[in-house]
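First up is the structure itself, then whatever we jot down about it.
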Amino acid sequence: MRRIAFLLGIAVAVAAQTPEISGSRIRTHTKFLADDLLEGRGVGARGGKLTTAYLAGQLALIGAKPAGDSGTYFQKVPLVGVETLPGARLAAVSKGKTLPLRWLDDFVGGSERQTTLDHFDAEAVFVGHGIVAPEFGWDDFKGVDVKGKILVLFTNEPPSEDKNFFGGKSLTYYGRWTYKYEQAVRMGALGVIILHTPATAGYGWNVVRNSWAREEPYVKLKQGEPALALAGWVSQEAAQKLSAIAGKTLVELEKQSNSRDFRPFSLKFRFRGRIPSKVRELDTENVVALIEGSDPARKPEAVVFSAHWDHLGIGMPVKGDRIYNGAVDNATGCAMLLEVARAWAALDPKPRRSALFIATTAEEGGLRGSEYYAANPIVPPGKIAVGLNFDAYLPLGRTKDVVLNGVNRTTFWPVAQDVAARMGLKIVPDSGNGQGAFYRSDHFPLAKAGVPAFSVNMGSEFYGKLEGFAASFEQKYGANSYHQPSDEYNEQWDFSGLEFVARFGFALGMEAANIDALPTWNAGDEFRAVREQSLKAR
């Protein structure tokens, strides 16, 4: 009876509190984190160090405990930075003729072998989407030996209206470029060239170029560990020229790649390349802080709140501007993380479970910081109730809806629905145009470790705005500002929507921190088995 009374006391006290989450404070954090002083928050750079110092300082001010290495707020993430140098060369050679491809204009990418110079001369083989998915009866390789070859493929995956076949309109992990490179290594390939089109990639060549024409972070290779000599992309124009050498059109290649009967074939040319690289060890870290729960039996468990702090740093100039500030992506998410942490620290009494706040490094380089945390957790996955991630918000006002992509695949779904209903919100499906948003942000490594984890996003139905406003603005942002120097803070922004989404994320975290049973993935979900294993190991 005493225990029941204790728990009821916590529930009543917590429910009576209305956390003071402030849009003006979110604005202030966003403005600072997007300032030129931080030089685009580059990983392993001065601006990155200023960023992590600021985040740690803010967490210390609210009284959150350091949860990193040796009693600090920092979890060191051992990465190697590899920057392809301007002298990179790539050409297609066929029957004595050579088609040279120009660095940045026609191709980008680099060696993943973490060496200063890589040479190669290898046959180009078209492998469609480069997918092996037995659960969908799909195999683009059909037993063909591609060892030592350069694989040419499309990103994305076979189109479908059936949600049980590659997720229907929603992209699965098979469609992500990261999967393509990982599968190529498993097949023993020498390298990969992705044929870029705006439709298959979901963004223009300028995004690819700006993202890859800089230092890339990688986990340090172990002795003898295989890696690609070339992980690259070619522009749509270059892809059309390469297709012509093989006697095909780009449209024909894409059509063939969407057939279940597709078989790999030689493109009748070889790729010859020289990739010089600058290689260095990166000094970078996740920022981690803990606010302990009030229930002695439950406080070893936690709710995780996360946001990535990095952006692209200083890079190729666009209209004279070389600083990729990343105001939307992801100064906004970090600002919301700090404000949620501040409100959580002010609760008295605290929820039953603890709250772990993680600002991750190297998300833009392939979720490296969150992957490192998932492999080296401070709170084991089997003791994490849920993971709630904040990533990239357009400060345009309040929406009537929110996106919590993947929550319907978990036992936390009824709780999320109830919280949304209490706040006058509706949860809508991801509107990310089939570009696999679930697999592109820092909740994903936690999900792979079994944790019910999702990003908390704004919807598209804005108060006081006409239908289609959000889609139009998102399209403009994607074309003109995403991964561009123009992703800068704007004093005219309306932070009321970010305030409300932060309140929603806070409320979800409160429910997860006080719920009796730890949530899990639904039966049959791709993450259910690993969740069950983690719960047994807790």
Side-chain angles (χ1 to χ4, degrees), residues 11 14-15 17-19 21 163 167 170 293 298 301-307 333 336-337 339-340 343-344 347 351-358 381 383-393 398-432 437-444 446-461 497-528 531 535:
V14 166
Q17 299 178 73
T18 302
I21 291 178
K163 66 179 182 179
S170 299
R298 291 297 187 186
E301 302 170 349
V303 174
V304 169
F305 295 92
S306 62
M336 293 165 73
L337 181 77
E339 181 61 0
V340 168
W344 198 281
L347 291 172
R352 296 170 65 189
R353 292 184 177 89
S354 300
L356 186 68
F357 296 88
I358 310 174
K383 292 186 177 182
I384 298 176
V386 298
L388 300 169
N389 186 56
F390 299 95
D391 191 359
Y393 301 83
R398 265 194 60 184
T399 60
K400 303 175 183 178
D401 50 356
V402 287
V403 177
L404 203 60
N405 197 12
V407 69
N408 59 314
R409 297 160 52 181
T410 75
T411 59
F412 194 62
W413 175 225
V415 178
Q417 288 179 301
D418 181 61
V419 172
R422 293 200 313 258
M423 297 184 69
L425 291 165
K426 57 183 177 181
I427 301 175
V428 297
D430 171 37
S431 58
F438 184 83
Y439 304 92
R440 293 174 61 177
S441 199
D442 278 325
H443 64 270
F444 178 46
L446 279 180
K448 285 198 293 184
V451 178
F454 348 89
S455 286
V456 184
N457 298 117
M458 297 172 69
S460 58
E461 192 177 346
L498 278 66
E499 175 183 308
F500 206 71
V501 171
R503 288 179 181 271
F504 178 61
F506 183 98
L508 291 172
M510 290 278 286
E511 293 289 343
N514 288 313
I515 199 170
D516 284 331
L518 289 171
T520 186
W521 297 90
N522 294 336
D525 192 88
E526 61 182 309
F527 305 121
R528 176 61 180 257
R531 179 60 165 176
L535 291 172

TODO: State, yes or no, whether a side-chain contact exists between E526 and R409 at a heavy-atom distance under 4.5 Å.
DONE: yes
Task: Under 3.5 Å donor-acceptor, R531 side chain and A447 backbone - done: no
Task: Whether R353 side chain and I515 backbone form a donor-acceptor pair below 3.5 Å - done: yes
Task: Within-4.5 Å side-chain heavy-atom neighbours: L388 and F454 - done: yes
Task: Check: L508 and V386 side chains under 4.5 Å, non-hydrogen atoms - done: no
TODO: Indicate yes or no: at least one non-hydrogen side-chain atom of N389 is less than 4.5 angstrom from one of F444.
DONE: no
Open item on the list: Counting C-beta onward and ignoring hydrogens, is there a side-chain heavy-atom pair between K426 and D401 closer than 4.5 Å?
Closed with: yes
TODO: Would you list the pairs meeting side chain to side chain donor-acceptor pair (under 3.5 Å) in which at least one residue belongs to residues 410-419, sequence neighbours left out?
DONE: D418-R422
- [ ] Could you tell me whether the side chain of F506 reaches within less than 4.5 Å of the side chain of L347, counting heavy atoms only?
- [x] yes
Open item on the list: Classify the ring geometry of W344 against F305: parallel below 30°, tilted from 30° to 60°, perpendicular beyond 60°.
Closed with: perpendicular
Open item on the list: Main chain of S306, side chain of D391: is a donor-acceptor contact present, judged purely on distance under 3.5 Å?
Closed with: no
Open item on the list: My understanding is that only residues two or more places apart in sequence, or in another chain, count here; which of them pass side chain to side chain contact (heavy atoms under 4.5 Å, CB included) with N457?
Closed with: Y393, V403, S455
TODO: Determine, step by step, whether N514 and R352 satisfy the side-chain contact (heavy atoms from CB on, under 4.5 Å) criterion, reporting the C-alpha distance in whole Å, the side-chain angles of both residues, the deciding distance to 0.1 Å, and the verdict.
DONE: CA-CA 5 Å; N514 288 313; R352 296 170 65 189; 3.3 Å; yes
Open item on the list: Checking A307 now: which residues fulfil side chain to side chain contact (heavy atoms under 4.5 Å, CB included) with it, not counting sequence neighbours?
Closed with: N330, C334, L337, F390
Open item on the list: Treating R298 as the side-chain partner and G293 as the backbone partner, does any N or O pair qualify as donor plus acceptor under 3.5 Å?
Closed with: no
